[in-house]
Amino acid sequence: MLVRSALLPVRRGPRRDAGRLTGAALPRRAPALLGAALALLLGCSGATQAPAARQARAVKTPPAQPKAPEGPPLLPAQVIAELEDEDATPYFARRGDEALLLYAAGGRWRTRVLGADGAPRGDIVDAGPAAADVPVAALRAGPQGYIAAWIEQIGGSRAVRVLALDPAGKPVAPASPVAQTAEEITWLDVLPNAKGALVLWEMPREAQGDLDSVDVVMTVVAQDKGAAIKPTAPASVAREVLGWHAVATERGAAVALVLPPVAPPPRAQGKPARKADAEDGAEAAKLGTIALLEIDAAGKVAAPVAVSPEPTAQVDLEIAAVGGRYLLTWTDERDIDSAVYLAAVEPGGKVVVAPRQATPPSGEQALVSLVAPSAGGGGRALLAWEDLLRPRGGERDGGAEAGRAGRLIHLASVGPDGALGAERAALVFSASGPPDLAADGDGFAAVTLAPATLKAARDASAAPPVWPTFVRFGPDLSVRAAEPVRAAPFAATDGVPYLVRGLSCHKGACATLASAAAGAGPQQGGSGKAAAAAGARAPLALVSLPVRESAWRAPAFREDKDPPPRATAVRALAEGEHLARVAAAELDGGATLAAWVTYFVEGASDAAPRGQDLSATLAVRAASPGGPGKLNVLSQKASSLGGVAIATAPPPPADPKGKGGASPGESVIAWVARERGETQVYVTKVDATGAKVAQKKLTTAPRKKQGGAASEASDVAIAYDGAGGFIVAWVDTRDGNAEVYAARVDRALNRTVPDRRITNAPLDAAEVQIAVRGQEAWLVWSDARPAGDAAAGGGAGGEATGDVFFARLDAKTLQRIGDESRLHASPEHSRSPVLAPHEGGVLVGWVDEPVGEGAAAGGGAAAGGPGGHARLLRLDNGGAAQGPPVAVAGPDGAPVSSLALACDKVCRGVLASAPGDSVVMSAFTLAPGEAAPPALKQLAWLTGSASQDVSPVLAGRSGGSLFFADDAVSGSGRVRWMTIAWP
């Protein structure tokens, strides 16, 4: 069975095929994707059609669909026509309590009037000849009946024709020719007004480099009472625009435009470290400014008014009339992350609400649609958008299909002032493009494509079928009703239609058009006999969508009632090269400092200018409740393997003369520089803004070796020692294999304890971490020494796979206190340890991943399964383990790739896992004494691939700020800052 969605966007103008928002996100579309086969049928909401010249994308269900559950009743439906082609597009418009259906059959246009209940009124009417090739058509209710317009292919030319129909669907006169040209016409719309209508169409221009543009052309259709229409000669509305969208008004029409920039757009803050400037320039050429123009009923075009002069708008612009104003919304790229912007303009062109971000920052966003309120409704529009860094559809209830149910479309009402309502809803959509949305009295309705499950279903392991489903929302966006679109005319396919489109509502009653595949469905009435003679046809039905009790689980829910932990905001701090390591520390007053080092392969890049020795980039940026601060690039000679770490000291105490104590705390960043092919550890002091205050080289070890590879420093860590200085730890190969070293510096970055070797083992150490507990410094690291190493407290001998080790040092002298110990002996490879101090000791976490045979790329079914997992172990204030480690698997046993921890009165954590081809971030809490694996709550799905190391870190003891690395949809690396609300 094929379930196909024709619910495509109401977009105008060329679309970007290769932009940031692709894949699961709302894609950019080219002009060829706007055609008749995709037309959204018109309802009382005032939404316009979105035809395309290319066939609609099909959403195919698996070949072996589960049988439909027995019990739930089907929806009421009326068969209103039969289509010769199952993919043919019927057109539908409401006028008061009646509606009109327009479709082509047998080379003729056919119409049929429908009553308020959807039942046909009278016979099918022959409305005149229909060309064999009509790529685009539109039908709208007008003052004297209905007005239809379409594009015809005539030999090598294109023609536009307009037809007036009376309230009974009969032609007032033969169709009138409006325009004929040898050029392409890709889209057309009808905008009725009190005196007739404006017919607008677009004509693509020849691309200028990467810049695609269109001309917008119109004709005025005047109609006296009972008389034939009188189209005027075609006239220009706008030339060479990147995108456009129009709305009908009583006075004529308002047209929102995306205009090409007159100058290159400014580079957003946070992008100076990026080297792919040529790619940036190509992307920028596809952005534009926003303008608005009005057309009166006589066709007079007013001068465009600048709404958003910044050349940062994508072409997905939408406009709606709300409360006597025009609301404009679009996806904007003036900051690092794309975001949905809103502006409000009064008739006449006065901008009353300047462009502003419509929703809280949540990573990369994409506009889905803007739905105007219904006449006599609540006076609020509906804004729909998609956040790319959010849990996907179906994850709210968990289950085996969590994360694979589809996208999550976010909904909020918006008033004439451009302010979003506090109530938020989410809608699951298992396809590309947007769902079909319409105003429903004082609420809204949607038809989506989503997994269909019963509320009482207990078998969560079976994959549910993906069916078209309707949802009706109240004015507060609560779910009033929801059911799959299933009706008797489609009994051959379990009641599920082949294609659903054309959602419309009137006076609290909603309906949608649905059609079966040719030959799949009962033929009813006399028309069925004609169909049998002509061959199999596709029945077209109008399916009612009532508000009633349902046994089906709704594919929508109120988001503002989602319990914590949850992400409250996600911002990008920087964009550029891919990231190797991220670090963060909390400052006084709720601010944080984030530092990162980019990924750079020595000898694999020729991006450095001649005569310069460039490696990875080290940068730091402050983040506060007011937003990110200035980006500070500290070095472009960093080592990716060296990593980065940051620690903060409180302000120094005041001296007897009252000096000191008033200065802010100081932060020191530990990192590794590569100069002339050698690596050394550096420490850099920065102020609260991240600006460099002082910098010194910590190590001066000779690195070059005769006949062998030079020694390396890597994996730095740093902690404030509680006595006015800092302790730095790192991994060094100066003595052969990789060992852990440590040193101590004072506030002036002078060494007070020189390099001291901490470990002495036959194999390599890696990924050292440090925390200070009173007079002691505690170190953990991953070590490949054999499991039978007696000095490490190991058990039986075995293959060296890597375990996490622990050592205590005197914080003043860095002398080791007692023997180092193995925290957990495991046949798996233990890596990436993290430390989270708290009053009762320290929580240690690390990742165990399988080695050798049986190491699967996919996830295991439980903690400790073949997919890899995290382990959590408590150490008391004496360093003794409090029970065995707790194993934590990713969602559905997905392999865990990294872990971040923070402890206050309770411990909180975020782990990254890869259930498929991408990474999901999940949060958990661990109360004191809790021994069971903690429950996971998904925070976000990242846009980068599953192979990336996101390097998450929680700043501060509360865990309210998470910093991590991610790849943008465009492919560039980004440092992201997520704020989290915890229970």
Are the side chains of [Y] and [X] in contact, using a 4.5 Å heavy-atom criterion?
X    : Y    : value
S478 : F473 : no
D436 : F470 : no
I295 : V237 : yes

Looking at Y341, is R334 sitting on its ring face, NZ or CZ under 6.0 Å from the six-membered ring centre and within 45 degrees of the normal?
yes
Using ring pair (Phe, Tyr, Trp, His ring centres under 6.0 Å) as the criterion, list what pairs up with W201, not counting sequence neighbours.
none
Does [X] use its side chain to pair, donor to acceptor, with the backbone of [Y] at less than 3.5 Å?
X    : Y    : answer
R140 : V190 : yes
R407 : E386 : no
D966 : L942 : no
D967 : G971 : no

Taking only distance into account, with no hydrogens and no angle test, what donor-acceptor pairs under 3.5 Å do side-chain atoms of residues 355-362 form with protein atoms, sequence neighbours excluded?
residue, atom, partner, partner atom, Å
R356, NH2, D417, O, 2.9
R356, NH2, G418, O, 3.4
Q357, NE2, T359, O, 3.2
T359, OG1, Q365, OE1, 3.2
T359, OG1, Q365, NE2, 2.6
S362, OG, Q365, NE2, 2.9
S362, OG, D387, OD1, 2.9
S362, OG, D387, OD2, 3.0

What verdict does the side chain to side chain contact (heavy atoms under 4.5 Å, CB included) test give for Q314 and K286, after you've listed the backbone C-alpha separation in whole Å, the side-chain angles of each residue and the deciding distance to 0.1 Å?
CA-CA 7 Å; Q314 294 182 11; K286 301 173 185 178; over 6 Å; no
L367: which of L317, D332, D316 passes side chain to side chain contact (heavy atoms under 4.5 Å, CB included)
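The passing option is D316.
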Working to the nearest 0.5 angstrom, can you tell me the gap between R380 CZ and L327 CG?
10.0 Å
Value for CG (D476) from CZ (R558), rounded to nearest 0.5 Å, stands at 5.0 Å
Taking only residues two or more places apart in sequence, or in another chain, which ones meet A482 in a side-chain contact (heavy atoms from CB on, under 4.5 Å)?
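Only V471, V479, A554, P555 meet the side-chain contact (heavy atoms from CB on, under 4.5 Å) criterion with A482.
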